[in-house]
Peer 1: 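Before we start, here is the structure in question, set down as structure tokens.
This structure is a prediction, so every number in the text was calculated from the model and none was measured.
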Amino acid sequence: MTSRATVGVLVPAAGLGVRLGPGAPKALRELAGEPLLVHAVRGLRAAPSVGPVVVAATDVALVEELLAPYDVVVVAGGAERQESVRLALAALDPAADLVLVHDAARCLTPVSVVEAVVACLRAGAESVVPVLPVADTVKQVDGDRVVATVDRAALRAVQTPQGFQRSVLERAHASGLPTLTDDAGLVEALGGTVTTVPGSEEAFKVTRPLDLLLAEAVLAARA
Ligand code: C5P
């Protein structure tokens, strides 16, 4: 049954993108002449497994117009990412048994990562995150004082799309847990199991101005 389940995708795209500097909401900043969100949704549509897509945006009418060619539902996002995901989930086609949550800001995520997350869900995982090893040494600090050096070998940087059996994600978002920076974190907090699959360096999140330069270079290399 799970192998034929419909895969829905929620795209939180209602963030302001303060770290990117002044300007439009982050999802609407341009990369090679098109908003990051358009790149992200085009990438999702290129993935054979992806079915219904719901985008949570700040300007619903504008985003509906931008995404008209891509068959998506657009809803108003919330004040926090978690709220934007919850609102998008409420609008997702009930036929979708598997749900991916994908940041608009990870606009160049390769199709292979999307498909790897779906394959892991179809194999029975309840929650899945794509991850990469951590390149930097990571230290825990208290103000400007180092408290500890964390064992890098045991750390992973987490990307999106994160994948869930729909019932697991619904439970997580109905739990009333305080705001976290990702959806798998909610599942972990409720004692659920989260499985990792390999991510991709090209699935980086456009957060700071340098990331836009990197994204331009990745697009140029692909062309
Ligand atoms: O702020 P951060 O980079 O973690 O945001 C990750 C994703 O969540 C972005 O795609 C952003 O647009 C989205 N977001 C949202 N609603 C918010 C805040 C962030 O949809 N209130």
Side-chain angles (χ1 to χ4, degrees), residues 6-111 113-114 159-164 166 169-170 172-174 179-183 186 203-209 211-213 215-216 218-219:
T6 299
V7 179
V9 187
L10 314 178
V11 184
L16 295 177
V18 174
R19 289 169 289 182
L20 205 48
K26 181 160 72 173
L28 301 181
R29 304 286 180 101
E30 293 208 341
L31 167 62
E34 287 183 302
L36 298 182
L37 179 59
V38 171
H39 288 277
V41 170
R42 191 189 293 122
L44 288 168
R45 276 280 164 253
S49 299
V50 167
V53 174
V54 183
V55 175
T58 37
D59 187 336
V60 173
L62 174 64
V63 168
E64 272 175 346
E65 197 182 316
L66 279 173
L67 297 178
Y70 300 103
D71 186 24
V72 304
V73 170
V74 184
V75 297
E80 305 281 350
R81 180 188 180 282
Q82 196 163 307
E83 179 70 355
S84 296
V85 173
R86 199 181 59 75
L87 292 165
L89 181 57
L92 181 64
D93 185 334
D97 298 325
L98 303 178
V99 184
L100 308 184
V101 184
H102 185 49
D103 288 336
R106 295 187 188 275
C107 56
L108 300 182
T109 300
V111 166
V113 175
V114 179
Q159 304 181 321
T160 73
Q162 299 191 346
F164 306 89
R166 184 181 185 137
L169 189 62
E170 283 180 339
H173 276 275
T179 297
L180 295 173
T181 52
D182 77 341
D183 302 280
L186 294 173
F204 65 93
K205 182 167 69 171
V206 173
T207 306
R208 300 178 183 87
D211 299 322
L212 274 174
L213 287 179
E216 300 267 3
V218 170
L219 273 183

Peer 1: Of all the heavy-atom pairs spanning S84 and G78, show the shortest one and how long it is.
Peer 2: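 That closest heavy-atom pairing would be OG-N, 3.0 Å.
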Peer 1: Do D71 and R45 come close enough that some side-chain heavy atom pair is under 4.5 Å?
Peer 2: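 D71 vs R45: side chains touch.
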Peer 1: How long is the span from the CG atom in L186 to the CD atom in Q162, to the nearest 0.5 Å?
Peer 2: 9.5 Å
Peer 1: Just so I know, are the side chains of L212 and P209 near enough to count as touching, which here means a heavy-atom distance under 4.5 Å?
Peer 2: no
Peer 1: Compare every heavy atom of A14 with every heavy atom of G77, then report the nearest pair and how far apart it is.
Peer 2: CA-CB, 3.9 Å
Peer 1: Could you go step by step and tell me if T109 and F204 meet the side chain to side chain contact (heavy atoms under 4.5 Å, CB included) rule?
Peer 2: CA-CA 7 Å; T109 300; F204 65 93; over 6 Å; no
Peer 1: Can you name the closest pair of heavy atoms from L28 and A24 and give their distance?
Peer 2: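 So the two residues come closest at CB-CB, 4.3 Å.
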Peer 1: Less than 4.5 Å apart, any side-chain heavy atom of T6 and any of P52?
Peer 2: yes
Peer 1: Can you name the closest pair of heavy atoms from G15 and P25 and give their distance?
Peer 2: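 Smallest heavy-atom distance, with atoms named: O-CB, 3.7 Å.
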Peer 1: Against V9, only a single residue in V101, V72, V50 fulfils side-chain contact (heavy atoms from CB on, under 4.5 Å); can you say which?
Peer 2: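 Of V101, V72, V50, side-chain contact (heavy atoms from CB on, under 4.5 Å) with V9 is met by V50 alone.
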Peer 1: Show every side chain to side chain donor-acceptor pair (under 3.5 Å) that has at least one partner inside residues 14-35, sequence neighbours left out.
Peer 2: E34-R42
Peer 1: Between CG of D103 and CG of L36, what distance do you get to the nearest 0.5 Å?
Peer 2: 11.5 Å
Peer 1: May I ask you to decide whether R81 forms a salt bridge with D182, counting only side-chain N to carboxylate O separations under 4.0 Å?
Peer 2: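 Between D182 and R81 there is no salt bridge, as every charged N stays at least 4.0 Å from the carboxylate O atoms.
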Peer 1: Hey, mind stepping through D183 and V85 against side chain to side chain contact (heavy atoms under 4.5 Å, CB included) and telling me if it holds?
Peer 2: CA-CA 8 Å; D183 302 280; V85 173; 3.4 Å; yes
Peer 1: Can you give the donor-acceptor pairs under 3.5 Å from side chains of residues 54-65 to other protein atoms, not counting sequence neighbours?
Peer 2:
{"residue": "D59", "atom": "OD1", "partner": "L62", "partner atom": "N", "Å": "3.1"}

Peer 1: How long is the gap from CG on L100 to OG1 on T160, to the nearest 0.5 Å?
Peer 2: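 Spacing of CG (L100) from OG1 (T160) equals 9.5 Å.
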Peer 1: Is there a side-chain contact between V7 and V114 in this structure, where contact means two heavy atoms from C-beta onward sitting under 4.5 Å apart?
Peer 2: no
Peer 1: What's the separation between atom CZ in R106 and atom NZ in K205, rounded to the nearest 0.5 Å?
Peer 2: 5.5 Å
Peer 1: R166 and L92: side chain to side chain contact (heavy atoms under 4.5 Å, CB included), yes or no, with the steps?
Peer 2: CA-CA 10 Å; R166 184 181 185 137; L92 181 64; 3.7 Å; yes
Peer 1: Working to the nearest 0.5 angstrom, can you tell me the gap between S49 OG and L44 CG?
Peer 2: 11.5 Å
Peer 1: With heavy-atom distances below 4.5 Å as the criterion, would you say the side chains of L37 and L66 are in contact?
Peer 2: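 With C-beta onward as the side chain, the pair stays apart.
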Peer 1: Which atoms form the tightest heavy-atom contact between P161 and H102, and what is the distance?
Peer 2: N-ND1, 3.3 Å
Peer 1: Identify the heavy atoms of L219 and A32 that sit nearest to each other, and give their distance.
Peer 2: CD1-CB, 3.7 Å
Peer 1: Listed by chain and number, what are the side chain to side chain donor-acceptor pair (under 3.5 Å) partners of R208, not counting sequence neighbours?
Peer 2: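 R208 satisfies side chain to side chain donor-acceptor pair (under 3.5 Å) with no other residue.
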Peer 1: Are P48 and V111 side-chain neighbours, meaning at least one heavy-atom pair lies under 4.5 Å?
Peer 2: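 Sidechains of V111 and P48: in contact.
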Peer 1: Let's go through E216 and L31 carefully: what are the C-alpha distance in whole Å and the side-chain angles of both, what is the deciding distance for side chain to side chain contact (heavy atoms under 4.5 Å, CB included) to 0.1 Å, and is it a yes or a no?
Peer 2: CA-CA 7 Å; E216 300 267 3; L31 167 62; 3.8 Å; yes
Peer 1: Surrounding CD of E80 (heavy atoms of other residues, nucleotides or ligands, distance under 6.0 Å), is the total greater than 12?
Peer 2: no
